[in-house]
Amino acid sequence: MSAALRWLGGAEEEVVAWGPRLAVLLGQWKDRGGSIYTLTPGGQDKVDVLTLRPSGAVRYTEGLISLHGGVAHWGRSSSGRFSGCLDGSRITWCRGGSKFHWSKIQ
């Protein structure tokens with residue numbers, strides 16, 4: 001599948017194949033700093049992330065969120081990943097003492 005199709009949400013069958021594990025993450029989220037994150041299917045247990053900063057800067061990262069041992073992780077290296085805790089329409093990403101929060105907007 002092309003990167004453009006993945007950015008647009010991918011094929012419907014991808015979401016079904018994932019099941020409920022990461023599918024709850026799909027959609028748009030906003031952090032407290034005003035950045036907006038659009039999460040789309042990225043393949044086997046992965047989610048692609050399109051980030052829009054309040055400054056207007058845009059970044060697309062394939063497979064930035066993944067599932068390991070039933071836990072969602074943000075980041076690529078095992079030592080630098082944040083673990084996600086989902087609570088309804090909010091996610092808290094944690095690594096050591098660092099935390100950041102997202103709220104679902106769509």
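Because only heavy atoms are used, hydrogens play no part in the values below, and waters and symmetry mates are left out as well, while side chains stay in.
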Assess the residue pair V58 and L50 against the criterion (side chain to side chain contact (heavy atoms under 4.5 Å, CB included)); give the C-alpha distance rounded to whole Å, side-chain angles, the decisive distance to 0.1 Å, and a yes or no. CA-CA 7 Å; V58 176; L50 176 70; 3.6 Å; yes
For a 4.5 angstrom cut-off between non-hydrogen side-chain atoms, does [X] reach [Y]?
X    : Y   : value
D45  : S66 : no
Q28  : I36 : yes
I105 : W29 : no
I65  : V49 : yes
W102 : L39 : yes

What one should report as the nearest heavy-atom pair of P41 and L26 is N-CD2, 3.6 Å
For L67 and A72 the tightest heavy-atom approach is CD1-N, 4.0 Å
ask   = Got a sec, which residues hit side chain to side chain contact (heavy atoms under 4.5 Å, CB included) with S35, two or more places apart in sequence or on another chain?
value =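 Applying side chain to side chain contact (heavy atoms under 4.5 Å, CB included) to S35 gives D31, Y37, R53, P54.
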Greater than 12 external heavy atoms within 6.0 Å of K104's NZ | yes
Taking distance alone, no hydrogens or angles, what donor-acceptor pairs closer than 3.5 Å link side-chain atoms of residues 87-98 to residues at least two apart or in another chain?
{"unit_1": "R90", "atom_1": "NH1", "unit_2": "S103", "atom_2": "OG", "d": "3.1"}
{"unit_1": "T92", "atom_1": "OG1", "unit_2": "H101", "atom_2": "ND1", "d": "3.1"}
{"unit_1": "R95", "atom_1": "NH1", "unit_2": "G80", "atom_2": "O", "d": "2.6"}

- Establish whether V24 and V71 are linked, either directly or via other cluster members, by ILVMFWY side-chain heavy-atom contacts under 4.5 Å. no
